[in-house]
Q: 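Dropping the structure in here first, questions after.
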Protein chains: 2
Amino acid sequence: MADRKGDEMSEASTNAGTRRRPLTRERVVQAAIAHADAAGLEGLTMRHVAKTLNVAPMALYRHISHRDDLIDAMIDIVFGEIPVPPVQGEWKTAMRERALSLRDALARHRWAIGLMESRRRPGAANLRHHDAVIGNLRGAGFDMAMVAHAYSLLDGYIYGFALTKMSMPIDTPAEFEAMAQDMFEPFPANEYPNLAAFVTDHVLQPGYDFAEEFEYGLDVILDGLERALS
Amino acid sequence: MADRKGDEMSEASTNAGTRRRPLTRERVVQAAIAHADAAGLEGLTMRHVAKTLNVAPMALYRHISHRDDLIDAMIDIVFGEIPVPPVQGEWKTAMRERALSLRDALARHRWAIGLMESRRRPGAANLRHHDAVIGNLRGAGFDMAMVAHAYSLLDGYIYGFALTKMSMPIDTPAEFEAMAQDMFEPFPANEYPNLAAFVTDHVLQPGYDFAEEFEYGLDVILDGLERALS
DNA sequence: ACCTGAACACCGTTCAAGT
DNA sequence: ACCTGAACACCGTTCAAGT
């Protein structure tokens, strides 16, 4: 497959044979995100990112000042993946879509969950996102106090659901059943009858999918805010 | 102060002059919790815990099998600090008190927030807690599907609020004002008018306290569940 | 101008040894 | 039986050096 003729010439000015593109901040951040998506936050080491870029660990420090600066940049990419809510537009559908987009972004980038709201130097996508959410709510008649209520309630729920879902030690029902066995095994039988019934009669039943709970709770919250607004 | 006569003799059988109590699992876990409360999860190293106990790092491994096993034990202590909800008793007040207790426990042990729901081998206090919550809801007439809805909504919100509150880079209003300056500084003036107005006209006003948002959202959720129940 | 290698002060954990 | 010390394979980051 080497030596294809007609390859695009967009990088024609680089030396033939020189596989190495110049390192840029963007390439470092993208490599870091790919690595964290695959290996988690604790798998995200400078040394590993450097290796995937075929570079010495120290080369990264020309483009980022330290690990936390890299994480700042990664988080702003995640915010950039969430469509900006329309400033005009019915608030309930806008907030509903925004919640689903944020949930999906956090599902793609589980390492980001605890970090989205903790940036001391939020990036442009982060600020733009929050500006649009607030703008939409204000336009729909929320006063400042209600904006604050709605924001803390929605984001608390969205991040918290993502957190509990992510930290669930299990993905498939088969795994869950195995874990449920192990879970009760060290304890006397029927020591926790309500929990046992809940697990066997509901959670382990075919068709139950924890992920679907998200929209139920979201609608309870949106309906509650609507009622508070009027 | 050495040589007090009349000291309690409860440890009288230990050698005089030997300051060292025997290491136990409980002492290791308690020292680890104290350390994590003060220094956070990333400050919780085997070597530091060992130093506070005046012991070589390796001595810990006689009582715990590895760092994750230590964390399992720490989490069950946190669950044990939350009063068990009464199995009989009006569900709304029981769930409200349980939410506030859990919030308070997470405020004392911020390192625990992402870990409470991720134990593969939950301890006795953990299982007992969940059993009592489910028992209360079942007794109040929740069917299994509604238990699942209520649980994921409440815990999502409780853990998520704790997470966003903890990760807020700031505690005092003065700090927040300084950070708000820095936050907008790299960007053109009035690039984010809605966000700027929200911050200056509401969040930075005297009397605003983000922590108080918790109960507002909690009541929206509890009222919504009550409505869904009937 | 851009990248590298050696080094420093850390980690969790294994293993063989001390009392 | 209980604890220790040296060692291994890792970290992030500094510093001086290479091209």
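Sequence lines set the chain letters: A, B, ... in the order given, protein chains first and strands last, and positions in each chain run from 1.
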Q: How many Å lie between CE on A/Met46 and C1' on D/dC10, as a whole number?
A: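 Roughly 15 Å, once rounded to whole Å.
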Q: Ignoring backbone atoms, establish whether A/His48 has a side-chain N or O less than 4.0 Å from OP1 or OP2 of D/dC11.
A: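 For D/dC11, OP1/OP2 do have a side-chain N/O of A/His48 under 4.0 Å.
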Q: A side-chain contact here means heavy atoms from C-beta on lying under 4.5 Å apart; do A/Phe210 and A/Phe161 qualify?
A: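 The answer is yes, as the side chains (C-beta and beyond) meet within the 4.5 Å cut-off.
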Q: Taking all atoms of both residues into account, what is the closest heavy-atom pair of B/Val49 and B/Ala32, and its distance?
A: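 What the structure gives for the nearest pair is CG2-CA, 4.1 Å.
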Q: Is there a side-chain contact (heavy atoms from CB on, under 4.5 Å) between B/Leu44 and B/Trp111? Walk through the geometry before answering.
A: CA-CA 10 Å; B/Leu44 179 74; B/Trp111 50 269; over 6 Å; no
Q: Quickly work out the B/Lys51 NZ to D/dT4 P distance and round it to whole Å.
A: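 It is 14 Å, rounded to the nearest whole Å.
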Q: Given D/dG12, C/dT4, D/dT4, identify the nucleotide with an atom nearest to the side chain of B/Ala56.
A: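 For B/Ala56, the side-chain atoms sit closest to D/dT4.
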Q: Side-chain donor-acceptor pair under 3.5 Å between B/His63 and B/Arg27, yes or no?
A: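 B/His63 vs B/Arg27: no donor-acceptor pair found between side chains.
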Q: For DNA chain C, report each stem as range with range, ordered by first number, or say none. Use Watson-Crick or G-U wobble pairs under 3.5 Å, at least 3 in a row.
A: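 Consecutive-pair runs (3 or more) involving DNA chain C: C:4-8 with D:12-16, C:12-16 with D:4-8.
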Q: Do other residues, nucleotides or ligands put more than 12 heavy atoms under 6.0 Å from the CD atom of A/Glu177?
A: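 Incorrect, the count does not exceed 12.
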Q: Closest to the A/Leu23 side chain: D/dT13, C/dC3, C/dG12?
A: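 It is C/dC3.
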Q: Please tell me if the side chains of B/Leu153 and A/Ile221 come closer than 4.5 Å, counting only heavy atoms from C-beta onward.
A: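 Yes, close enough: below the 4.5 Å cut-off.
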Q: Does B/Met58 reach a base, just sugar-phosphate, or nothing at all? Heavy atoms under 4.0 Å.
A: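 If one applies the 4.0 Å heavy-atom cut-off, B/Met58 turns out to touch a base.
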Q: Can you tell which of A/Arg67, A/Arg119, A/Arg121 makes a side-chain hydrogen bond (donor to acceptor under 3.5 Å, both in side chains) with A/Asp72?
A: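 Exactly one candidate clears the test, A/Arg119.
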Q: Can you tell me which residue among A/Ile77, A/Ile33, A/Leu41 is in a side chain to side chain contact (heavy atoms under 4.5 Å, CB included) with A/His109?
A: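 Exactly one candidate clears the test, A/Ile33.
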Q: Identify, residue by residue, the members of residues 59-71 of chain A with a heavy atom below 4.0 Å from DNA chain C, and return them in order of residue number, or none.
A: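 By residue number: A/Ala59, A/Arg62, A/His63.
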Q: For A/Leu41 and D/dC11, give me the distance from atom CG to atom P, rounded to whole Å.
A: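 Value for this atom pair: 14 Å.
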Q: Of A/Pro57 and A/Arg47, whose closest DNA chain C nucleotide lies nearer the 5' terminus?
A: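 Looking at the nearest nucleotide for each, A/Pro57 comes out on the 5' side.
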Q: Would the number of heavy atoms belonging to other residues, nucleotides or ligands and lying under 6.0 Å from CZ of A/Arg128 be above 12?
A: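 Check fails, neighbour count at 12 or below.
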